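Order of the sequence lines fixes the chain letters, A, B, ..., with proteins taken first and strands second; residue numbering starts at 1 for each chain. Because the structure is a prediction, the values reported are computed rather than measured.
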Amino acid sequence: MNMHPEAAPIEEEKFLTPGVMVMLALMAVGLAFVAARFLFGIGKVANLNNQFPWGIWIGIDVASGVALAAGGFTTGAIAYVFNRDQYHAVIRPALLTAMLGYTFVVLGLLVDIGRYWNITSPMYNWNGNSVLFEVAMCVMIYLNVLYIEFIPIVVERFQGRVNLPGPLAGLNNKLETLLSLADKILGKVMFLFIIAGIVLSCLHQSSLGSLMLIAQYKVHPLWYTPILPLLFLLSAFAAGYPMVTFESIIVAKSFNRKPEMEVLTPLARFMPLLMGIYLVFKIGDMIVRGTYVYLLDGTYQTNAFMVEVVFGVLLPFVLLLFKRIRQSAGWLFFASSVFVLGILLNRINVFVTSYSPPYKLNAYFPALGEIFITIGLIATLMFLYRVFVFIFPVLGAEPKKMSTTVAALLALTAALMILWLPADARADQTVKRPLALEENITPSIADAPKVAILNSPVVNKYSDLYEPVRFMHSKHANVLGDCSICHHRMPREEQDTYGEPVSMLKLRQRQTEPVGCSACHADPFNSKDPGTPGLKGAYHQLCMDCHQESEQVPHVRGPILYSAMVRGPIARTLDTRAPTDCLACHAKKVPNHNQLVKLEGQVDALAVTRNCLGCHEKEGEAILKTAHWNWHGRSPYTVGHEKRVDLGKKSNTINNFCINLNGNWPRCTSCHIGYGWQDANFDFSDMSKIDCLVCHDTTGKYEKAPPAAGYPIKNLDLVTIAQNVGRPSRANCGMNCHFRGGGGDAVKHGDMSAILANPQKDHDVHMGVTEGGLDFRCQDCHKTRNHMISGRSISVPAVEGDLSCEYCHTDSPHIGSELIDHHLNKHTRHVACQTCHIPVYSKGNPTKIFWDWSTAGQDGKQPKDKYGKPTYVKKKGSFQWKEAVKPTYQWYNGTVKRYLLGDRITENGTTELTSPVGSFDDPAARIYPFKVHRGKQISDAIYKYLIAPQLWGGYWKHWDWDKASRDGMKSAGLAYSGEYEFVETTMYWGLTHEVVPKEQALSCAECHASLAKAPYCGRCHQERPDVNFKDLVHKGIDFKHLAAMGRDVAELVGQTNYIDYKALGYDGDPIETGSRFEKLGLNVAHSGMTNVE
Amino acid sequence: MEINRRHFFKISGALAASSLVKTDKAAKAAQAPSTAQDTFGCLVDTTLCVGCRKCEQACNERHSLPKPAESFEELAVLEKERRMDETTYTVVNKYYPKNIGTLTWRTRPTFVKFQCMHCGDPSCVSACIVGALTKQPNGAVIYDAAKCIGCRYCMVACPFQVPAYEYHNPLTPQVRKCTFCFNYIKDGGLPACAQICPREVITFGKKSELLRLARWKMKNNPAKYVDHIYGEHEVGGTSWLYLASEPFETVGFPKLGTKAPPRLTESIQHGLFQYFAAPIILYAVLGGIMGITGYLKGTKEVTSSDTEEKGGTP
């Protein structure tokens, strides 16, 4: 036998070699990343995410660390349990490796787990079902066992040599007694710990394999097998001796010693046996489960598997079968290293590579931080190993002989493991259900209630985000024609929430109206009847499903595409289609802004806007694109200028009221939704100048100062106003701006005045606040998206969405099955709704109908007319007012001829500033009512275009038309010849507001003279006992009554030619002379008609 | 050594035989948790969903979660497939139909709401090392951050990839997922998402009733629904059930079997540790061998037969 020295601390070598320096550098880098992890969180240093929660910290630091520290217990088994003395030489290095290895597993864990300070939690919170719990307990206990096993080495080093420095020297004796106590006790009971160490190792090495079994559907089949714990255990056994060999030879090289081949070569005889057993199970499992089909897939997972098995296991196995390899230090080292790498690769594959989450939004590759922390931990381990071997007697023990009883024991243990594996569960079968058919119902029309406000407490109990819905019941009834589409079931008796199916026939037979929805649909999730949705669900499912289907089914008539919901002559925009999104049906509730607005003390208007924009920046950006902000926009309806995006008051349109904006900014822009537009240099891209309060004030106190370019009047409590913002009302739109256009209340628009703030139902049925009125806000018709407000008038060019009566009322608005309804509906192709339903405009509040600028500039008293309105003002000239005016009727197909600044005037005639386009022969044109405002305004005598005079701070200061013209035209960017004249102009203004209740629409007789006298309808229709033709033709607006109430309509009483047919192109009364495109089929007294008897 | 080896095999053989007896009991002990049908659940009829995202908003508000960068009214986010994260317990995703059929409603995309499935046999509950995730009697799977160590094993275990982690929280990161509004439903309330859904896509009730309702819907309208209730049997059954008009794998659902993963792992776990039989037997066997080989007596075990067979040292 050779004489080898016993184990002793390294003395002959230098501690700090260049290699150690490298270790220290890597440790420092690792430490820096660890610090970053603890300061900023795992996400700062790692690429771990919700798809890949475990990465190389678990795959390498924990799993591989535990596997490769297996040398400890495997050599322990050989050297102690089987008492083969010859292996004692490697037992201590193996123990040191294991002890340091497991310590660093725990340190690695402290970095990886998020709540590291709670790492003791598993000691008192137990989940016996969890494999990880068992791993944690085992590793914890085993680590302590390893420390205990290391104590004898400490004792051997320090017993009898305890020599603490300086002041601690007093403890020397105490330590000596402690060490000898440890020596005595441990000497007797160490075998208990050794056996425990082996048992614990077997348990947790296999359990580490069980860890990934819970991710059954996420681990690649090549690795997922119920015997994964067994494979882990077998590979751990197989990894022990190669790891010991690997580290032994490295250490020998590092300390310039000869590798202890007399120990390592016999040890190497076990290696092919253990590797072989592992290979048998691994490949056998692959064959039994049939997963070899994946081997040639070419995916990165399959390739990793091939590398792991072929290079990591098969290669070293084959090599180590040869004695020459086992006897050569170099080859033995190579084979052992390859196997060690193979195990490393296997653990990484199982925990990281094989893992495929179901939703792989981001892939996983270790971040630099993860890599450096891992490398840092390994470097620290190696550094500490070196420290320990320098201090403690670990290396240099005498090599001994070996035995082979280990293999039998291991096989036995493996057999015991397999017996406890369970059988698979059986797959269940789903049962197929039989088919069923649905009923079909044929439609018909009946009377229906008009408008329902859907505001049930049942719905409000569960959500209060939205305002109630104004549901147009009669429109739906008219369009759909079949009550049973919505009222699909009727309760058979009280409390019946399931009911029986409904049909129109059944309803007719029972002479009963259908019941409301809440008869069956009440609270949701009723366990007695889960198939019936609650009221909220019922409304939304029924309404939205139908609306979505209608959106998809266009209505084609000839070459024209109609929306299914509105069967008008022109294909409509999205606004007209049945609403399918939330806000199209109900507005959002405005939350109370008392706490949301953060303003203190006296603030100015701009501070308020800044506060608003703090939360509503998106809305601010949207406003910058709107016509209300820019005062110009697209106008696809202006003839000849369809492609322009800059038509508007801002620059190029003109009227015959105060004429034009250029030069007059501070006064005119008091109606701008911004602050400070006082000259041509206003920055329209500056959000901070938006005036939110003019539209959103609900207190009624906010007012803009007339000459202040948009700023509000002084001494307003802007904070209170800002805290009470809400949805705009008629007062916001109208009282601030739209009712007061042209210089005062009711001046400009014929159909809008301050009366509309709180009108009677008879004044305007939609906005009426009295019984029967609907109290609409402006935006209930003028639907708004992103602050772009739909609706347009012929007078102003910019358009942000079309709007017409048909959008709610459809083009067959006269609901009913009587013949009169049929006749009335036939009018809609030729006559606009407004024509009959706005018989007179400017009721109760006179409007200007004539404005002569040429007489301006003279002092004197202001005469008043019969209404009490002034007919002359020095600043403006002479006017005429009229109240309750009969409209002017023209053909209008939606497009407009518009005068723009710089256009040539109509010499020797009247220049039309806006005029409707349309004619008798135009099928898209209908007869519309208009207010016509006539005027006389200043024009350039040489260039023959209208002048835009500067009035504010111009004519109204110096009374000089020439100077006003010069300055104004300079602002407008047009040349001024120096000579001016006054020319006649007219301007058409559309009428859509002040719609009277239907009982007060124009009557048949008022337009059709042929019906005004006997036999009334009898000229074509048979007399019927229950129908009074005379009353029928005269049913409508009663001008006599209106005149009695004080309206200026005396001259309209008894008219039968309300519409001048001849002026519109007809030969006469269409009943007699025929419609535009059709002739009546009946024999009427008119020459040229064919006579059919 | 032959006598000793024979002796050794006799002892270990006897011990192995005795431990086999324990196998049956061990398997039975690893039973699934109670799969009673009286737990709460939710039935999601994806054919009704229009992707309005009110459920996401309600969940966000009920748990006072931070508001996302995009408003809940921004529907363009539906164009990308999203997953839950640490501030979002539920998401709605939009899936375009792979085959455009002839029926009108098939041309519409399918909107699906994803959240924790509150499985009947939850993998996360079984996996959690400290029992921070527990299955409540009313069906909810809830999380107790006080016990959690942040190991994220629950995330590895979940077949639906649900739990999200606060990776950017350095000191107190938590696992985040749908809570089933546990504090509300145990007092008779509704989960926030079910309560707010305007179309009542989500029906809340007892699981047995929901299955009955789902089958009734499928029977009344067989052309509308794929003949499968997702969640009825997947991974042993989940509390959240789904109906769809398209095959479930095409609308974002993972294809899972009916086996609940905890059954396998718990069988192994309990099998190994039933009465701690295996560790104790192994300990005894090793001790026995140690005794036989004389380590305890201090004798050394070097024999000529060994040296011949194993080709000792040079």
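Not counting sequence neighbours, A:R326 has no partner by the salt bridge (charged side-chain N to carboxylate O under 4.0 Å, His left out) test.
Side-chain atoms of B:S126 do not come within 3.5 Å of backbone N or O of A:S130 as any donor-acceptor pair. Under a 3.5 Å cut-off, the side chain of A:R115 and the backbone N or O of B:C148 do form a donor-acceptor pair. In terms of modelled atom types and a separation under 3.5 Å, the side chain of B:T293 and the main chain of A:V81 share a donor-acceptor contact. Judged by distance alone, with hydrogens and angles left aside, the side-chain atoms of B:Y167 form no donor-acceptor pair with the main-chain N or O of A:A46 at under 3.5 Å. Panel note: side chain A:H540, backbone B:P198; a donor-acceptor pair is recorded below 3.5 Å.
When heavy atoms are compared at a cutoff of 4.5 Å, B:A146 approaches chain A solely by way of its backbone atoms N, CA, C and O. Heavy atoms of B:K54 lying under 4.5 Å from chain A belong exclusively to its side chain. Proximity to chain A involves both the backbone and the side chain of B:Q195, based on heavy atoms less than 4.5 angstrom apart. Within the 4.5 angstrom heavy-atom criterion, only side-chain atoms of B:L48, from C-beta onward, approach chain A. Both the backbone and the side chain of A:Q51 come within less than 4.5 Å of a heavy atom of chain B.
Contact tally against chain A (heavy-atom pairs below 4.5 Å) for B:L171, B:V175, B:I202: the top residue is B:L171. Heavy-atom pairs under 4.5 Å with chain A were tallied for B:P254, B:C52, B:C151; the largest tally goes to B:C151. Top candidate by heavy-atom pairs under 4.5 Å with chain A, chosen from B:P173, B:G131, B:G205, is B:P173.
Contacts classified as side-chain hydrogen bond (donor to acceptor under 3.5 Å, both in side chains) and involving residues 148-163 of chain B (residues at least two apart or in different chains) are given here: A:D112-B:R152.
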